[in-house]
Colleague: 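Would you mind keeping the following structure in view while I ask a few things?
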Amino acid sequence: MSASRLRSAHRAFRQECLTHPTILALCRNPSAVAGGVVVTALAVLAIVGPFVTPYDPTTQHLENQLQAPSLAHPLGTDQLGRDVATRVVYGARLTLGIALLVTVVRLTIGVVVGLVAGYVGGWVDEALMRVVDVLLAFPGIVLALVVAGILGPSLTNLVLALAVVGWTRYARVVRSSVLEVRERPFVAASRLTGASRWRVVRRHVLPNVAGPVVVLATLDLGGVILAAAGLSFLGLGAQPPAPEWGTMLATGRHHLREASWLVNAPGLAIVFAVLGSNLLGDGLRDALDPTDRTGDARTEVARRD
C-alpha cells in the first residue's frame with residue numbers, strides 16, 4: 001500500500017473515531033476527561049517512572065533517614081533513607097498491576113459464569129446463582145480478610161483473595177444482560193440459521209453485554225486498589241521492603257508526627273488512582289447509555305458535517 005493510501009486510511013480512521021458517539025460523549029464529559037487524564041498519567045508513571053528515577057526503591061541509606069522533601073528527594077526519605085518518590089513510582093507499577101490483574105480475573109470468571117447462567121438457563125442457572133447469592137451474603141472485605149488470612153501473606157494470595165470475592169457482581173450484571181439480549185429477534189434469527197451456541201454467544205450476545213461489563217470493571221478498579229492497599233496495610237498482602245502503597249502507609253504511620261510525608265505521598269497516590277478510575281467509570285457509563293448520549297452525539301456529528 002502506498003504512502004498516500006496509508007495517510008488517507010489514517011485520516012478516515014481518525015475522522016471515524018472523532019465522530020463516534022461514544023468518543024464524542026466522553027470528550028464532552030469533563031469528569032470523564034479528568035479521570036482519563038489521571039488514569040493515563042498513573043499508567044505512564046508506572047511504566048516509564050522506574051526507568052527515569054535515579055534511586056533504588058529498596059537500597060537503604062541510613063545516613064539520609066527521615067530527610068524532609070528537597071531538590072534531591074522531592075518527597076523526602078523514609079526511616080531507612082530510601083527515596084519516597086522512587087518508592088511511590090515503583091509502588092504505582094506494583095499496586096496498579098495488582099489491581100489490574102485482580103480486575104481481569106474477576107471479569108473473566110464473572111463473564112463466564114454470567115454467560116452460562118443466562119444463556120443456558122434451567123437448573124444450571126439456578127445452581128450458579130445460588131452460589132453467587134451465598135458469596136454475596138458475606139461482606140466482601142471480610143471474606144477477603146478470611147481468605148488472605150488462611151492462605152497467608154503474599155502478593156499471590158492477595159490476588160486470589162480479592163478475585164474470589166469480587167466476581168459475583170460481574171456474573172449478576174452479565175446474566176441480566178444475557179437474559180434480555182437472548183430474546184431479541186437477531187439472536188433468534190441466528191439460531192434459526194443453524195448457528196452453534198458458541199457462535200451465537202460470541203457474535204451476538206457477548207458484544208451486547210460488553211458495555212456494562214467495561215463500566216463495572218472501570219468502577220471496580222478503584223475498589224480493588226483500596227482493598228489491596230488495605231490488606232497490605234494489615235500485613236496480609238505485599239511484605240516489606242516491597243514498595244506497595246498500602247505497605248508504605250503501614251510502615252510510615254509510626255513516624256507520622258515527625259515525617260508526615262511518609263504517609264502523605266502514598267495516601268495521595270491512592271486517592272488519585274481511585275478518583276481517576278471512578279471519574280472515568282462514570283463517564284463511560286454515561287457515554288455507553290444510549291438514552292443519555294444519542295441526541296447530543298447526533299447533534300455534534302451534524303454540526304461537524
Side-chain angles (χ1 to χ4, degrees), residues 96-151 154-188 190-191 195-228 230-231 236-237 277-278 280-282 284-285 288-289:
L96 297 181
I98 292 172
L100 184 61
L101 179 58
V102 170
T103 303
V104 169
V105 174
R106 286 181 173 183
L107 185 148
T108 303
I109 298 174
V111 168
V112 171
V113 172
L115 282 175
V116 173
Y119 195 77
V120 176
W123 67 268
V124 175
D125 183 20
E126 288 293 328
L128 291 176
M129 287 302 101
R130 296 299 76 77
V131 174
V132 170
D133 290 338
V134 170
L135 291 176
L136 286 175
F138 297 92
I141 190 62
V142 175
L143 189 56
L145 280 170
V146 172
V147 175
I150 294 174
L151 297 177
S154 72
L155 285 177
T156 302
N157 294 338
L158 172 66
V159 172
L160 291 175
L162 293 177
V164 164
V165 303
W167 61 268
T168 51
R169 288 179 295 174
Y170 293 92
R172 275 184 171 271
V173 169
V174 172
R175 175 183 176 271
S176 63
S177 299
V178 170
L179 289 176
E180 191 271 333
V181 170
R182 74 176 186 179
E183 303 300 329
R184 292 184 179 179
F186 63 86
V187 176
S190 181
R191 288 198 297 262
S196 63
R197 281 187 172 183
W198 166 243
R199 181 177 178 83
V200 173
V201 170
R202 180 172 57 87
R203 294 291 300 274
H204 302 291
V205 178
L206 192 56
N208 283 278
V209 304
V213 172
V214 170
V215 173
L216 179 59
T218 308
L219 292 171
D220 194 36
L221 192 64
V224 175
I225 292 173
L226 282 176
L231 291 178
L236 296 175
S277 63
N278 288 342
L280 182 59
D282 288 338
L284 282 173
R285 181 185 57 197
L288 294 173
D289 185 359

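Predicted model, so just to flag it, every value in this text is computed and none were measured.
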Colleague: Could you tell me if the side chain of Leu128 sits less than 4.5 Å from the side chain of Val120, heavy atoms only?
Modeller: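 In short, these two side chains do not touch, never coming nearer than 4.5 Å.
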Colleague: So, for Ala161 and Ala148, which heavy atoms are closest and what is the spacing to 0.1 Å?
Modeller: CB-N, 3.8 Å
Colleague: For Pro212 versus Val173, what's the shortest heavy-atom pair and its separation?
Modeller: CB-CG1, 3.8 Å
Colleague: Taking C-beta and beyond as the side chain, do Val147 and Leu160 meet within less than 4.5 Å on heavy atoms?
Modeller: no
Colleague: Between Gly118 and Val178, what is the shortest heavy-atom contact and its length?
Modeller: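 Shortest heavy-atom separation between Gly118 and Val178 comes out as C-CG1, 3.5 Å.
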Colleague: One pair to check against side-chain contact (heavy atoms from CB on, under 4.5 Å): Leu158 and Leu236. What are the steps and the verdict?
Modeller: CA-CA 7 Å; Leu158 172 66; Leu236 296 175; over 6 Å; no
Colleague: Side-chain contact, heavy-atom cut-off 4.5 Å: Val111 with Trp167?
Modeller: no
Colleague: Distance from Leu135 atom CG to Leu143 atom CG, nearest 0.5 Å?
Modeller: 6.5 Å
Colleague: Per the salt bridge (Lys or Arg N to Asp or Glu O under 4.0 Å) rule, what does the pair list look like for residues 110-127, sequence neighbours excluded?
Modeller: Asp125-Arg175, Glu126-Arg130
Colleague: Can I get a per-line list of side-chain donor-acceptor pairs under 3.5 Å for residues 214-221, giving both atom names and the distance, sequence neighbours left out?
Modeller:
unit_1, atom_1, unit_2, atom_2, d
Thr218, OG1, Val214, O, 2.8
Asp220, OD1, Arg106, NH1, 3.1
Asp220, OD1, Arg169, NH2, 2.5
Asp220, OD2, Arg106, NH1, 2.9
Asp220, OD2, Tyr170, OH, 3.0

Colleague: Which heavy atom of Ala163 sits nearest a heavy atom of Val105, and at what distance?
Modeller: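 Closest pair (atom of Ala163, atom of Val105, distance): CB-CG1, 3.6 Å.
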Colleague: Rounded to the nearest 0.5 Å, what separation is found between the CG atom of Leu145 and the CD1 atom of Ile150?
Modeller: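 Going from the CG atom of Leu145 to the CD1 atom of Ile150 covers 11.0 Å.
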Colleague: Which heavy atom of Ala227 sits nearest to which heavy atom of Ile141, and what is that distance?
Modeller: CB-CD1, 4.4 Å
Colleague: How many angstroms lie between CD1 in Ile98 and CG in Leu162, if you round to the nearest 0.5 Å?
Modeller: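 Between atom CD1 of Ile98 and atom CG of Leu162 there are 8.5 Å.
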Colleague: Would you give the length of the straight line joining atom CG of Leu107 to atom CG of Leu100, rounded to the nearest 0.5 angstrom?
Modeller: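 These two atoms lie 10.5 Å from each other.
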